Protein chains: 2
Amino acid sequence: MAGDRTASILQHLKDRGIRITVDRRLVVEAMVRAGDHVTAEELSEMLHLAHPDLHAATVYRTLELLEDTGLAYHVHLGHGPARWHLGDPSHLHLACERCGEVEEVDDNLLETVKSQLLAATGFKIDTHHFALVGRCSRCLAQEQLNQVT
Amino acid sequence: MAGDRTASILQHLKDRGIRITVDRRLVVEAMVRAGDHVTAEELSEMLHLAHPDLHAATVYRTLELLEDTGLAYHVHLGHGPARWHLGDPSHLHLACERCGEVEEVDDNLLETVKSQLLAATGFKIDTHHFALVGRCSRCLAQEQLNQVT
DNA sequence: GTAATTGCAAAGCTTTTGCAATTTA
DNA sequence: TAAATTGCAAAAGCTTTGCAATTAC
């Protein structure tokens, strides 16, 4: 259940000697509730209803803290604010630059390309911090329709 | 020579019924001089010495105009400001998120991956508007050194 | 002369930061 | 109580915009 997830994250923080505050608990709870790809602002808004005093700066600082301790990460999906996740980045993100949709696909889908590129250029793509940007299938189909019309 | 390049770009604008102004000429000249991957702010600074009245907003507006008419494009290289180029995006950008270095590699280096991904997921990566972010060979080597130490 | 363009100042959006007041352990 | 955390307001970084004044055609 969700409470377990929150508790385990807070325990991790505690284990590292980091203080558990009311605000930190609330931010983590909100992230568990939000599930996927939430922005700092969305978290702020979620929390603002019940906790008008929890300031956005605290949300940002808590997210940074969670990231520094390896309990969360953020991805940049093209334009717009960063999106946050609990846990480890375990898949790569495909972000549609037209409709904003985000697909998560298996990391190893790109493994061959990545090693090819590494061999050819010495460059190692990091697919976790920045999404691959492009067009999702729906938007591609729509664009082709528009071209015909 | 550089003057030709500028003249040809301005001619393209004229052909589309767009007015050629002093400022627009100056911005295009600065881009020709700058060559690669220049930011709007860098262009502003270049121009500010000889033309203190040319406002940054005009640089942004001119860049947008050039992009709308297909004479320039911009790429996002991870964090930081967009970088601008005259011409068409004809290669893909590898941006090191550690040192900021940008490599340009041949488009077709990713062709197989892109079509694989398209076939598997329906998603079409756009490598022109957003760079692929990661680590360049130099930074990779340095990181490995640091790990050993 | 008229429509497009510019300078300027302001604001927009996302995020960070300095500092005094509060809270945690 | 000492040290960490928070609220607040402000600023930072990049870019866009409204409007009145200027300029190109």
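Residue numbers start from 1 in every chain, and the chains themselves are labelled A, B, ... in the order their sequence lines are given, proteins ahead of strands. Predicted model, so just to flag it, every value in this text is computed and none were measured.
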request  = Tell me which nucleotide among dT15(D), dA9(D), dT6(C) gets nearest to the side chain of A82(B).
outcome  = dT15(D)
task = Nearest whole angstrom, please: distance from the P of dT15(C) to the CZ of R61(A).
result = 15 Å
message = Nearest to the side chain of I18(A), heavy atoms from C-beta on, is which of dT5(D), dC8(C), dG7(D)?
response = dT5(D)
key: Exercise: do H91(B) and D106(B) side chains pair donor with acceptor under 3.5 Å   = no
inquiry  = Using a 3.5 Å distance criterion without hydrogens, assess whether the side chain of T58(B) forms a donor-acceptor pair with backbone atoms of L54(B).
reply    = no
message = Side chain of A57(A) only, heavy atoms from C-beta on: which candidate in dA24(D), dT17(C), dT14(C) is closest?
response = dT17(C)
request  = Establish, yes or no, whether a centroid distance under 6.0 Å links the rings of H37(A) and H93(A).
outcome  = yes
note = Atom NE2 of H48(B) and atom P of dC8(C) are separated, to the nearest Å, by 9 Å
task = Among the candidates dT14(C), dC25(D), dG7(D), find the nucleotide nearest to the side-chain atoms of T58(A).
result = dG7(D)
message = Please pick, from dT5(C), dA9(D), dT15(D), the nucleotide with the shortest atom-to-atom distance to any side-chain atom of T21(B).
response = dT5(C)
task = Answer yes if the side chains of H128(B) and D107(B) hold a donor-acceptor pair under 3.5 Å, and no otherwise.
result = yes
ask   = Atom NE2 of H79(B) to atom C1' of dT16(C): distance rounded to whole Å?
value = 13 Å
ask   = With a non-hydrogen cut-off below 4.0 angstrom, is E41(A) in contact with a base, only sugar-phosphate, or nothing?
value = sugar-phosphate
task = May I have the distance from D15(B) (atom CG) to dC25(D) (atom P), rounded to whole angstrom?
result = 13 Å
From dA25(C), dT16(D), dT5(C), nucleotide with atom closest to Y60(B) side chain = dT16(D)
query = Is it true that the side chains of Q11(A) and D15(A) contain a donor and an acceptor less than 3.5 Å apart?
reply = yes
query = Starting at the 5' end of DNA chain D and moving along, which residue's nearest nucleotide shows up first, G17(A) or H76(B)?
reply = G17(A)
key: Given DNA chain D, 5'-ward residue of the pair K14(B) and A40(B), judged by closest heavy atom   = A40(B)
request  = Classify the nucleic acid contact of R24(B) as base, sugar-phosphate or nothing, counting any heavy atom under 4.0 Å across all strands shown.
outcome  = sugar-phosphate
Between P of dC19(C) and NE2 of H55(A), the distance in whole Å = 17 Å
query = What's the closest nucleotide to the R19(B) side chain, out of dT6(C), dT23(C), dA24(D)?
reply = dA24(D)
task = Figure out the CG/C1' separation between D68(B) and dT16(D), and round it to whole Å.
result = 14 Å
ask   = For the pair made of CG in L10(B) and C1' in dT5(C), what is the distance, rounded to whole Å?
value = 15 Å
ask   = How long is the line joining CG of L26(B) and P of dT5(C), in whole Å?
value = 16 Å
